[in-house]
Structures are given as C-alpha cells and as structure tokens.
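Notes follow the structure.
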Amino acid sequence: MTKRIEDDKQYENSLTWLREKAKKLDDPLFGGPERDKLMRTYDYVADQAQRYRWRDAADAKG
C-alpha cells in the first residue's frame with residue numbers, strides 16, 4: 001500500500017472509514033484471515049491519518 005492522505009477531505013473520509021471498521025473489528029464473531037487482513041489495512045490507514053496530521057502541523061509551523 002502506498003496511498004497517502006493528501007488533503008483534509010481524504011483525512012475526514014479516512015476517519016469515517018476507521019470508525020466504521022472499528023465496529024466490525026470489535027465484533028467477537030468476526031475472525032480468521034478476513035479479520036487479519038482488515039486489521040492490517042486498519043493499522044495502515046490509522047498510520048497514514050497520523051502522518052497527515054504530523055505533516056499538517058509541521059507545515060503550520062513553517
């Protein structure tokens with residue numbers, strides 16, 4: 001995966017996606033390889049959202 005969050009709209013969409021998938025991951029009946037794959041994707045999107053905020057904060061400082 002190499003997609004980066006580039007603007008606030010993508011950031012907000014990512015947060016919405018994370019909230020939706022967190023509900024699914026919280027389901028104790030959801031498991032196996034599908035859960036593992038979703039968890040990897042979830043971690044990646046969460047990391048990209050954090051990196052976007054760090055870049056945004058760094059740009060604001062100048």
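The structure presented is a predicted model; accordingly, all values stated were derived computationally and were not measured.
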Compare every heavy atom of [Y] with every heavy atom of [X], then report the nearest pair and how far apart it is.
{"X": "Y11", "Y": "A49", "value": "CE1-O, 3.6 Å"}
{"X": "S14", "Y": "V45", "value": "CB-CG1, 3.9 Å"}
{"X": "F30", "Y": "R35", "value": "O-CD, 3.1 Å"}

Gap separating the [atom1] atom of [X] from the [atom2] atom of [Y], nearest 0.5 angstrom:
{"X": "D8", "Y": "R53", "atom1": "CG", "atom2": "CZ", "result": "5.5 Å"}
{"X": "E34", "Y": "K37", "atom1": "CD", "atom2": "NZ", "result": "8.5 Å"}
{"X": "E6", "Y": "Q48", "atom1": "CD", "atom2": "CD", "result": "9.5 Å"}
{"X": "D43", "Y": "L25", "atom1": "CG", "atom2": "CG", "result": "9.0 Å"}

- [ ] Could you check if a side-chain atom of N13 sits within less than 4.5 angstrom of a side-chain atom of K9, using non-hydrogen atoms only?
- [x] yes

Task: R51 bridged to D47 by N-O distance under 4.0 Å - done: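 Here R51 pairs with D47 in a salt bridge, since their nearest N and O are under 4.0 Å apart.
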
